[in-house]
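None of the values given here were measured: they were computed from a predicted structure. The figures that follow rest on heavy atoms only: side chains count, while hydrogens, waters and symmetry mates do not. Each chain gets a letter, A, B and so on, in the order the sequences are listed, and its residues count up from 1.
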Number of protein chains: 2
Amino acid sequence: MLSRKTRYGINALVYLTRHRDQGPIAITRIAEAEHIPAKFLEAILLELKNAGILASRKGKGGGYYLLRDPEKVRLSEIMRLFDGPIALLPCVTNKYYERCEECRDEATCGIRQVFQEVRDQTVRLLDQATLQEVLDRETRLQEESGPSKADQA
Amino acid sequence: MLSRKTRYGINALVYLTRHRDQGPIAITRIAEAEHIPAKFLEAILLELKNAGILASRKGKGGGYYLLRDPEKVRLSEIMRLFDGPIALLPCVTNKYYERCEECRDEATCGIRQVFQEVRDQTVRLLDQATLQEVLDRETRLQEESGPSKADQA
DNA sequence: CTTTTACCCTATCTACCAGATAGGATTTGA
DNA sequence: TCAAATCCTATCTGGTAGATAGGGTAAAAG
């Protein structure tokens, strides 16, 4: 399972993407809109800023805004930032590789091969999932489900 | 990441599958062969027994052995047993479903859709991965890498 | 029927960390 | 100068992963 931190982080980023024509957005506004404890969110946004994904402005009218192009920010990156490796075994990660102590021969480990495939599939999907892509999906989903009420007029 | 418990559990199960023609196998033997703390392994095997996957015999010559057909034991099942849900968000699990508090409208949530796909792919692979399948992979991998030394004679 | 072997079961410990809060320092705009 | 907002460090709390201790119970050997 994703940590709360990652979940909150992703939700906040999508929110910032959705409203990125409105200038800096205050922590409290995001916190209320997305139901996230404000103080906790503060720490999360700070981390995203230090990672070069967000930027901020202090003082009145200040807040956070997206620094990078929303097509360039992938969910895989956010997850790694907060939760570390995406793979389920240390021996199948690319970015955080570590040997399994209990494993004798990596090259012929059937378990490893399975989890290598799981890892590859997962990373592929999470690399495709940029902030922009998530927004686009939202729009598409609304067009599919919304019309039943809205378009009947 | 998988918990140690799950990793140890899977390794022990594969070991038991590999030697399932040898009758009951003692905890200590598995522990030594797979580099697992014996006392910890004890608890793990007990849990696998209570789950109906293993059976045991006490006394001299006793130990654990596979109760179910190795083609019927899937890694997905072991993972759920020890680590709970496989999905990364509570709102995309089938067996442990729970609403995301921060999520407003599940039907149009782009984040959810992404993680639904991740979950489906992962479960598909882990359902295919039975104990027998893991053993078969081992064999195939050995045939691919081993011959360079063994077959050159 | 006693000894040995090995599983069964509960309790406990330690370290760590996720999730969250407190409170003040600093910057900015009106 | 005041108010709004981020910045930053410290701290708390509960839960839990990983592991160990130790005695209870069943089975087999002789």
What do the steps show when you test T17(A) against V134(A) for side-chain contact (heavy atoms from CB on, under 4.5 Å), and what is the final call? CA-CA 10 Å; T17(A) 307; V134(A) 170; over 6 Å; no

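For residues 17-52 of chain B, proximity to DNA chain D is found at P37(B), K39(B), F40(B), defined as any non-hydrogen atom under 4.0 angstrom from a strand atom.
Rounded to a whole Å, the NZ atom of K60(B) is 6 Å from the P atom of dG30(D). A straight line from CE of M1(A) to P of dG19(C) spans 12 Å, rounded to a whole angstrom. When rounded to the nearest whole Å, the span between OH of Y64(B) and P of dT5(C) equals 19 Å. For R4(B) and dT20(D), the CZ to P distance is 12 Å, given to the nearest whole Å. Between the P atom of dA6(C) and the CZ atom of R57(B) lies a distance of 12 Å, rounded to the nearest Å. The separation between L54(B) atom CG and dC7(C) atom P is 12 Å, rounded to whole Å. Rounded to whole Å, the distance from CE on M79(B) to P on dA17(D) is 14 Å.
Y65(B) has no side-chain polar atom (N or O) that falls below the 4.0 Å cut-off from OP1 or OP2 of dC7(C).
Taken from CZ in R137(B) to CZ in R112(A), the straight-line distance is 12.5 Å, to the nearest 0.5 Å.
Checked for salt-bridge contact, E42(B) and K39(B) meet the test: a charged N lies under 4.0 Å from a carboxylate O. Ion pairing between a basic and an acidic side chain is recognised when a charged N comes within 4.0 Å of a carboxylate O; E144(A) and R140(A) show no such pairing.
Here the nucleotide nearest the side chain of S56(A), chosen from dA30(C), dG19(C), dT6(D), is dT6(D). Relative to the side chain of K58(A), the nucleotides dG19(C), dC7(D), dC7(C) differ in distance, and dC7(D) lies closest.
Side-chain N or O atoms of R7(A) include none that pairs as donor or acceptor with a backbone N or O of R4(A) at under 3.5 Å.
At the heavy-atom level, Y8(B) lies under 4.0 Å from the strands shown only through sugar-phosphate atoms.
A salt bridge (Lys or Arg N to Asp or Glu O under 4.0 Å) with E77(B) holds for exactly one of R68(B), K72(B), K95(B); it is R68(B).
Taking the side chain as every heavy atom from C-beta outward, L48(B) and L81(B) approach each other to under 4.5 Å.
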